[in-house]
Amino acid sequence: MKQKVRKAVFPAAGLGTRFLPATKAVPKEMLALVDKPIIQYGVEEAIAAGIEEIIIVTSRGKSAIEDHFDTSFELEASLEKKGKTALLEIARYCASMAKIAYVRQSEARGLGHAVLMAKELVGDEPFAVLLPDDVIAGTVPCIKQMVEAYEDVQSSIIATQIVDGPAISAYGVLDGKAVEGKPKLFDVSGMVEKPKLEDAPSKNAIIGRYILTPAIFDKIENLTPGAGGELQLTDAIKGLLETEKVYGFSFEGIRHDAGDKLGMLQAMVDFALKRDDVGPGFRDYLKSLSL
Ligand code: UTP
């Protein structure tokens with residue numbers, strides 16, 4: 001029987017050190033792209049893909065995420081009193097957009113460990129993982145494209161983008177071969193974490209969107225912890241390859257690494273220019289700069 005992807009896990013318990021001091025008291029996932037926290041873009045992407053349940057992995061100091069997706073009575077009462085209906089709608093939408101459950105990761109022990117924290121809430125079904133700091137713009141939401149591909153192949157799928165040149169060394173890179181008749185899929189045989197350019201087995205770099213089968217939890221539990229007790233998701237996916245098929249997926253869209261300062265600035269420009277309200281004024285401002 002074909003299984004559907006109904007749940008999505010958002011690991012949001014990391015320390016966000018690349019954004020210090022901004023992330024000392026504010027979760028990285030709550031940094032705003034124009035006027036919306038980056039995690040909300042991901043949650044909206046999941047909803048647009050038909051995901052019914054969102055699971056956010058949080059930690060100490062991350063309560064702003066829970067507050068963001070909850071009702072703010074004072075704010076709503078104040079906006080209502082002042083007749084600011086458009087803003088009231090925006091505030092209410094945050095609290096009603098999705099069914100969200102939270103689970104804690106008490107120590108930042110890596111992405112694999114963060115995903116493992118969601119084991120009970122996910123149960124025995126395939127699920128999506130979205131890294132909130134990868135913000136992806138596209139006509140069809142990236143995770144929707146992947147959910148549809150999962151419905152076809154019923155195997156784990158990792159989103160990839162083509163990375164040329166030495167920049168590949170910042171990514172996990174897939175080894176494998178193209179799938180005949182399915183141009184977006186890549187049959188994975190292995191993966192290498194942050195290879196030198198000359199050692200990279202392909203140009204298919206792993207980005208922050210996955211569909212995983214529940215077998216991944218056993219694989220994470222059986223990992224030997226690396227430096228700092230970290231459990232890496234890519235190592236667990238390597239384990240999955242021993243027993244199941246795993247596909248790379250080249251999605252359509254533009255991915256911004258908003259967990260990185262330059263990536264965040266690029267995303268900000270891209271998203272701001274597309275906006276009807278601030279876009280035209282921002283474009284004029286950029287044109288006026290003598291760069
Ligand atoms: P990153 O490595 O980009 O986030 O993890 P980080 O560790 O918070 O950031 P830097 O490198 O120190 O700046 C990608 C996602 O995985 C989550 C992060 O919150 C982020 O959304 N994550 C990472 C966890 O939930 N737990 C972890 O132990 C590690």
Side-chain angles (χ1 to χ4, degrees), residues 7-33 36-46 54-66 68-69 100-122 127-136 142-143 158-161 163 167 169-172 193-194 205-212 216-217 220-221 223-237 255-267:
K7 299 181 181 179
V9 175
F10 286 74
L15 298 174
T17 54
R18 283 172 291 166
F19 259 105
L20 282 169
T23 46
K24 187 158 179 281
V26 175
K28 172 172 77 174
E29 298 76 15
M30 287 302 293
L31 296 179
L33 249 183
K36 200 191 281 183
I38 55 174
I39 192 165
Q40 188 176 335
Y41 287 94
V43 171
E44 288 176 357
E45 182 185 327
I54 305 282
I55 299 156
I56 303 182
V57 184
T58 66
S59 57
R60 272 182 311 284
K62 300 269 183 170
S63 53
I65 299 176
E66 287 167 66
H68 180 72
F69 292 111
I100 305 183
Y102 298 88
V103 63
R104 304 268 284 205
Q105 183 189 26
S106 56
E107 211 185 326
R109 288 186 52 203
L111 187 54
H113 185 255
V115 170
L116 183 60
M117 298 299 103
K119 181 180 170 182
E120 270 74 35
L121 289 174
V122 169
F127 62 104
V129 175
L130 293 90
L131 304 194
D133 41 7
D134 268 351
V135 181
I136 303 180
C142 176
I143 206 71
I158 311 169
T160 61
Q161 71 176 32
V163 173
S169 303
Y171 294 87
E193 200 51 49
K194 300 187 171 65
I206 300 172
I207 61 118
R209 296 286 183 279
Y210 310 78
I211 307 276
L212 299 169
I216 195 74
F217 294 120
I220 303 172
E221 278 168 333
L223 285 177
T224 313
E230 293 216 343
L231 299 177
Q232 295 310 338
L233 187 60
T234 41
D235 290 338
I237 299 174
R255 169 241 178 199
H256 294 285
D257 180 4
D260 166 79
K261 280 177 263 210
L262 185 58
M264 174 61 116
L265 287 168
Q266 290 164 343

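First listed ligand is number 1; within each ligand, the first listed atom is number 1. Along the sequence shown, residues carry numbers from 1.
- In this structure, the protein non-hydrogen atom closest to atom 4 (O) of ligand 1 is Lys28 NZ, 2.9 Å.
- The CG atom of Leu130 sits 4.5 Å away from the CZ atom of Arg209 when rounded to the nearest 0.5 Å.
- The protein heavy-atom contact nearest to atom 26 (N) of ligand 1 is Gln105 OE1, 2.7 Å.
- Protein heavy atom closest to atom 15 (C) of ligand 1, with residue, atom name and distance, is Pro11 O, 4.0 Å.
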Evaluate the criterion side-chain contact (heavy atoms from CB on, under 4.5 Å) for residue pair Tyr41 and Ile136; output intermediate values, then yes/no. CA-CA 8 Å; Tyr41 287 94; Ile136 303 180; over 6 Å; no

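- From the protein, the heavy atom lying nearest to atom 18 (C) of ligand 1 is Gly14 N, 3.6 Å.
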Full working for side-chain contact (heavy atoms from CB on, under 4.5 Å) between Phe10 and Ile65: CA-CA 11 Å; Phe10 286 74; Ile65 299 176; over 6 Å; no

Dump the intermediate steps for side-chain contact (heavy atoms from CB on, under 4.5 Å) on Tyr210 and Ile237, then the final yes or no. CA-CA 10 Å; Tyr210 310 78; Ile237 299 174; 3.9 Å; yes

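- In this structure, CG on Leu33 lies 13.0 Å from CD1 on Ile39, to the nearest 0.5 angstrom.
- At a 4.0 Å cut-off, at least one heavy atom of Arg109 sits close enough to ligand 1 to count as contact.
- With sequence neighbours excluded, the residues satisfying salt bridge (Lys or Arg N to Asp or Glu O under 4.0 Å) with Lys36 are Glu44.
- With a 4.0 Å cut-off on non-hydrogen atoms, His113 does not touch ligand 1 at all.
- Using a 4.0 angstrom heavy-atom cutoff, Leu111 counts as in contact with ligand 1.
- For Asp133, every heavy-atom contact with ligand 1 shorter than 4.0 Å involves the side chain, none the backbone.
- Counting the atoms of ligand 1 from 1 in the order shown, those under 4.0 Å from a heavy atom of Ala108 are 28 (O).
- Close contacts between ligand 1 and Ala114 involve ligand atoms 24 (C), 25 (O), 26 (N) [criterion: under 4.0 Å to a heavy atom].
- Nearest approach of Lys62 to Lys28, heavy atoms of both residues: NZ-N, 4.3 Å.
- Among all non-hydrogen protein atoms, the one lying nearest atom 2 (O) of ligand 1 is Arg18 NH2, 4.2 Å.
- The shortest N/O to N/O separation between Phe19 and ligand 1 does not fall below 3.5 Å.
- Below 3.5 Å of separation, one finds an N or O of Ala13 facing an N or O of ligand 1.
- Tyr102 and Leu121 make their closest contact through O-CD1, 4.4 Å (heavy atoms, listed as atom of the first residue, atom of the second, distance).
- Of the protein's non-hydrogen atoms, Gly110 C, 3.9 Å is the one closest to atom 29 (C) of ligand 1.
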Give every donor-acceptor pair under 3.5 Å between a side-chain atom in residues 12-24 and any protein atom, sequence neighbours left out.
unit_1, atom_1, unit_2, atom_2, d
Thr23, OG1, Gly16, O, 2.7
Thr23, OG1, Phe19, O, 3.4
Thr23, OG1, Leu20, N, 3.4

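- Minimum heavy-atom separation, Gly229 to Arg109: O-NE, 2.9 Å.
- Closest protein heavy atom to atom 12 (O) of ligand 1: Thr17 OG1, 2.5 Å.
- Geometrically, ligand 1 and Pro132 share no nitrogen or oxygen pair separated by less than 3.5 Å.
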Ile143/Ile211 under side-chain contact (heavy atoms from CB on, under 4.5 Å): CA gap, chis, key distance, verdict: CA-CA 8 Å; Ile143 206 71; Ile211 307 276; 4.1 Å; yes

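- Protein heavy atom in closest approach to atom 7 (O) of ligand 1: Leu15 N, 4.1 Å.
- In this structure, Gly16 is part of the shell of residues with a heavy atom less than 4.0 angstrom from ligand 1.
- One finds the CD atom of Glu66 at 12.5 Å from the NE2 atom of His68 (value rounded to the nearest 0.5 Å).
- Taking a cut-off of under 4.0 Å to the non-hydrogen atoms of Glu29, the atoms of ligand 1 that pass are 18 (C), 19 (O), 20 (C), 21 (O).
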